[in-house]
Amino acid sequence: MILLGFVRPVSQREGTYNNMENRGLLHYKGYTARPEYSVEDCIFYGKILGISDLVDFQSKSAQALEDVFHKAVDDYLAFCATTGKAPQQGYVGTKMVTVPELEENTDKYIEMAQIQDILIVENGKAVAKLTAAGQ
């Protein structure tokens, strides 16, 4: 389950929201994750955001959540080193996309918005911002 972001007109994105960047995210060695809780399974879980490799983690306690995230990152880096695969890096900075591109790749950009701003442009002008909930 992804916490869905929302689109806010560019004129409303300044000021009050800037001090809430990256709220609820875990960071480690350049990787980011947004933990969530499953009521049905009674576990905390998450995955590394911004990479196409699937690196996930889970914990029964909130106290151990950050440790299992760190272990998942370390295991991913060790796996890459062992197999000779270059580890993928997460998204960085602000991404600008057109409306048609957003419509074609909605899930991708919703995930990216968890860790970076997505500016939606039309005719070369930013018309909206896709951001994580709470930002």
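In this structure, F79 is not a member of the same hydrophobic cluster as F69, with clusters built from ILVMFWY side-chain heavy atoms closer than 4.5 Å.
The backbone N or O of Q88 sits less than 3.5 Å from a side-chain atom of Y76, completing a donor-acceptor pair.
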List the steps, then state whether side-chain contact (heavy atoms from CB on, under 4.5 Å) holds for E101 with Y109. CA-CA 9 Å; E101 185 179 356; Y109 291 117; 2.5 Å; yes

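For the atom pair CG (L102) and OG1 (T106), the distance works out to 5.0 Å, reported to the nearest 0.5 Å. If you take NE2 on H27 and CG on L49, they are separated by 9.5 Å, rounding to the nearest 0.5 Å. Separating the NZ atom in K47 from the OG1 atom in T32 is a distance of 13.0 Å, to the nearest 0.5 Å.
The shortest distance between side-chain heavy atoms of Y37 and I43 does not fall below 4.5 Å. Counting heavy atoms from C-beta outward, F44 and E36 have side chains that stay 4.5 Å or more apart. Put simply, the side chain of Q89 does not reach to within 4.5 Å of the side chain of I51, judged on heavy atoms. Side-chain contact check for V55 versus V73: every heavy-atom pair is 4.5 Å or farther apart. Looking only at side-chain heavy atoms (C-beta outward), L26 and P35 come within less than 4.5 Å of each other. For the pair V68 and Q58, the minimum side-chain heavy-atom distance is 4.5 Å or more.
Considering only residues two or more places apart in sequence or on other chains, K60 meets the salt bridge (Lys or Arg N to Asp or Glu O under 4.0 Å) condition with none of them.
Considering every non-hydrogen atom in both S61 and S59, the closest pair reads O-OG, 2.8 Å.
Counting only residues at least two apart or on different chains, the salt bridge (Lys or Arg N to Asp or Glu O under 4.0 Å) pairs with a member in residues 64-76 are K29-D74, K71-D75.
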